[in-house]
Amino acid sequence: MKWSKYFIPTQKEAPKDAETISHKLLIRAGLIDKLASGVYTYLPLGLKVLEKVENIVREEMNNSGAIELLMPSLQPANLWKETGRLDKMGKDMIRFIDRHDREMIFGPTHEEVITDIVRRYIKSWKQLPLILYQIQTKFRDEIRPRFSIIRAREFLMKDAYSFDINEEGLDMSYNLMKETYRKIFDRCGLKCNIREAESGVIGGKFSEEFVAEGECSELEVGHIFKLGLEYSKAMKANFVDKDGKEKPIYMGCYGIGVSRIVAAIIEGNYDENGIIWPLSVAPFLVDIIPTNMGDNDILVISEKIYNDLKDNGFDIIIDERDESAGVKFKDADLCGFPYQIIVGKKIKEKKVEIKERKSKKILEIKTENIVSYFNSIIRG
RNA sequence: CGGGGCGUAGCGCAGUCCGGUUAAGCGCGCUUGGUUUGGGACCAAGAGGUCCUCGGUUCAAAUCCGAGCGCCCCGACCA
């Protein structure tokens, strides 16, 4: 990607209403833009990170044997009357009356919809166990949205639901998800603590939450619940067991705030100059910085490095704006690309500098060795 | 929903207390020209405003009064 052709609106100063570090950096690095309280646009760089996180979640969920589907955001309110949660959720739920006078809601979560599907399609013990999940935009009219995308009214969530024939099965599904969550957060570069939690409006008999380390008080990034028979009984989601008797399905549900992870990663990975993305979710691996756009040697070499890395499949950007080196260094640090390739001083010796964002260490390297250097770092 | 704060150019702010030639300002950013080029360069010339909205007081309102809208922070709830 060429910087001048892309869209990265960085800012020197954080907006005055930003308090937390992730909020300030998300805005300053040009990752998000606020439209209304708790409602944000993901700008190109922010979207890239969000998608990388999303893909990690998807990969690990698929590895665990869970199966992806996509349920609608728009739901009939009637479904929620079956479980009594229409009232329980209260004003957190965004509702409207459609043109035919039907009461509709924007889904804040999907236990009712998934249970409705399962009760109609799952009939036998032979079809179980089953874990279904989706990655989807949720709507919650929070009492107080805050800290930008950490508590938004519209946000991206991965929600999974497990279905088992008995309590032992539920325990196994639950532990499988717990282990999967550990892998996901680990790959995202998040250090998480697991603690027992209140089940709140989701209900069930036991739940644990994953809390990311950081200064921000709201850092819960994942929450897993043993729902038991609460929903299956209320909505009559039954299966026929080996003994020929109809029994309610044991359920669990497992949520990850995908968009919140993005903010949580920043809370745990930054310094005075900006964000320090872990390799796994960095919007670009490398930012190539020609330090002087007036020097033809620098331009030619920079362009060649860019093409070589691109041709080898690396996700990189070149900052070919007609700006001073200082501006480019500041933006590179702020946006948190893991590596900067600085093309300048040593150009006569066919050498460039590779700076690691995190350690600030600088390595001088011959230009012909750059591709193999990144091959060894990224692909072992 | 209770408590606190804020709303003036894209962003950050001054001006508001004490109404009036500061006939609406500053820094950054933006445009044009030139000089620069390793940590947010410099010079010059420009563009950019319903002072959140509506109403009131007054000869006169960014400034005073009333109502409304929006945003942020603390609390209870949540991924």
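The sequence lines fix the lettering, A, B, ..., with proteins before strands; numbering per chain opens at 1.
- A residue-by-residue look at A/Ser148 and A/Leu156 shows that A/Ser148 has its nearest nucleotide of RNA chain B further toward the 5' end.
- Between A/Phe374 and the choices A/Asn369, A/Asn312, A/Val286, the side-chain contact (heavy atoms from CB on, under 4.5 Å) rule is met once, by A/Val286.
- Atom name P, nucleotides B/G20 and B/G38: the rounded distance is 49 Å, in whole Å.
- Within 3.5 Å, a donor on the side chain of A/Arg28 pairs with an acceptor on the base of B/G40, or the reverse.
- Within 4.0 Å (heavy atoms only), A/Ala152 reaches at least one base atom of the nucleic acid.
- A/Glu19 comes within 4.0 angstrom of sugar-phosphate atoms only, judged by non-hydrogen atoms across all strands, and of no base.
- Of the side-chain N and O atoms in A/Thr109, none sit less than 4.0 angstrom from OP1 or OP2 of B/A79.
- Nucleotides B/G19 and B/U63, compared at atom P, are 12 Å apart to the nearest Å.
- On the P atoms, B/C11 is 13 Å away from B/C52, given to the nearest whole Å.
- When both pairing distances are held under 3.5 Å, B/C17 makes no Watson-Crick or G-U pair with any nucleotide shown.
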Just the table, please: protein N/O against nucleotides 34-39 of chain B N/O, every pair under 3.5 Å.
unit_1: B/U37; atom_1: O2'; unit_2: A/Asn292; atom_2: ND2; d: 3.0
unit_1: B/G38; atom_1: O6; unit_2: A/Gly344; atom_2: N; d: 3.4
unit_1: B/G38; atom_1: O6; unit_2: A/Lys345; atom_2: N; d: 2.3
unit_1: B/G38; atom_1: O6; unit_2: A/Glu353; atom_2: OE2; d: 3.2
unit_1: B/G38; atom_1: N1; unit_2: A/Glu353; atom_2: OE2; d: 2.4
unit_1: B/G38; atom_1: N2; unit_2: A/Glu353; atom_2: OE1; d: 2.9
unit_1: B/G38; atom_1: N2; unit_2: A/Glu353; atom_2: OE2; d: 3.4
unit_1: B/G39; atom_1: O6; unit_2: A/Lys355; atom_2: NZ; d: 2.7
unit_1: B/G39; atom_1: N1; unit_2: A/Asp333; atom_2: OD2; d: 3.0
unit_1: B/G39; atom_1: N2; unit_2: A/Asp333; atom_2: OD2; d: 2.4

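- Atom CD1 of A/Ile143 and atom P of B/G3 are 16 Å apart (whole Å).
- Counting any heavy atom pair closer than 4.0 Å across all strands shown, A/Val258 reaches no nucleic acid atom.
- No more than 12 heavy-atom neighbours from other residues, nucleotides or ligands sit within 6.0 angstrom of CZ on A/Arg195.
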May I have the step-by-step check of ring pair (Phe, Tyr, Trp, His ring centres under 6.0 Å) for A/Phe163 and A/Phe239, ending in yes or no?
CA-CA 10 Å; A/Phe163 304 91; A/Phe239 70 101; over 10 Å; no
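- Comparing B/C28, B/A79, B/G12 by their closest approach to the side chain of A/Lys12 singles out B/C28.
- In this structure, CZ of A/Arg321 is placed 12 Å from P of B/A41, rounded to the nearest angstrom.
- Searching all strands for a Watson-Crick or G-U wobble partner of B/C69 with both distances below 3.5 Å returns B/G7.
- A/Ala18 comes within 4.0 angstrom of no nucleic acid atom, judged by non-hydrogen atoms across all strands.
- Atom P of nucleotide B/A76 and atom CG of A/Asp92 are separated by 15 Å, given to the nearest angstrom.
- Other members of a hydrophobic cluster containing A/Ile276 are absent, since no ILVMFWY side chain comes under 4.5 Å of it, directly or through relayed contacts.
- Considering A/Glu198, A/Glu230, A/Glu167 in turn, A/Glu167 is the only one that fulfils the salt bridge (Lys or Arg N to Asp or Glu O under 4.0 Å) rule with A/Lys205.
- Nucleotides B/A24 and B/G15 have their C1' atoms positioned 9 Å apart, rounded to a whole Å.
- Taking atom C1' on both B/C6 and B/C51, the two are 15 Å apart, rounded to the nearest angstrom.
- Separating the CD atom of A/Glu154 from the P atom of B/A79 is a distance of 18 Å, rounded to the nearest angstrom.
- The nucleotide B/G2 finds its pairing partner in B/C74, both defining distances of the Watson-Crick or G-U wobble pair being shorter than 3.5 Å.
- For B/C74, the OP1/OP2 oxygens have a side-chain nitrogen or oxygen of A/Arg146 closer than 4.0 Å.
- Checked by atom type and distance alone, the side chain of A/Arg260 pairs as donor or acceptor with a backbone atom of A/Ile150 at under 3.5 Å.
- Taking the six-membered ring for Trp and thresholds of 30 and 60 degrees, A/Phe210 and A/Phe185 have ring planes inclined between 30 and 60 degrees apart.
- On the C1' atoms, B/G49 is 8 Å away from B/U8, given to the nearest whole Å.
- Between the CZ atom of A/Phe147 and the P atom of B/G75 there is a distance of 8 Å, rounded to whole Å.
- Straight-line distance from the CD atom of A/Gln11 to the P atom of B/G29: 13 Å, rounded to whole Å.
- Here A/Lys138 lies out of heavy-atom contact (under 4.0 Å) with every strand.
- Both A/Lys91 and A/Pro145 sit near RNA chain B, but only A/Lys91 has its closest nucleotide nearer the 5' end.
- Other residues, nucleotides and ligands contribute over 12 non-hydrogen atoms within 6.0 Å of the NZ atom of A/Lys88.
- A/Tyr181 comes within 4.0 angstrom of no nucleic acid atom, judged by non-hydrogen atoms across all strands.
- In this structure, B/G40 forms no base pair with any nucleotide, since neither Watson-Crick nor G-U wobble geometry is met with both distances under 3.5 Å.
- Within 4.0 Å of A/Asp331, counting heavy atoms only, lies at least one base atom of the nucleic acid.
- Distance noted for atom C1' between B/G40 and B/C77: 42 Å (whole Å).
- Checking the phosphate oxygens (OP1, OP2) of B/C1, no side-chain nitrogen or oxygen of A/Arg144 falls inside 4.0 Å.
- The distance from atom CD of A/Glu13 to atom P of B/C30 is 14 Å, rounded to the nearest whole Å.
- No side-chain donor-acceptor contact under 3.5 Å links A/Glu60 to the backbone of A/Thr180.
- At the heavy-atom level, A/Glu142 lies under 4.0 Å from base atoms of the strands shown.
- Here the separation of B/A61 from B/G66, taken at their C1' atoms, is 15 Å to the nearest Å.
- Put simply, the residue from A/Glu196, A/Lys226, A/His223 that forms a side-chain hydrogen bond (donor to acceptor under 3.5 Å, both in side chains) with A/Ser207 is A/His223.
- Here the side chain of A/Ser37 is nearest to one of B/C11, B/C72, B/G75, namely B/C72.
- Looking at heavy-atom distances under 4.0 Å, A/Phe210 makes no contact with the nucleic acid at all.
- The nearest whole Å value for the distance from the CD1 atom in A/Ile32 to the C1' atom in B/C11 is 15 Å.
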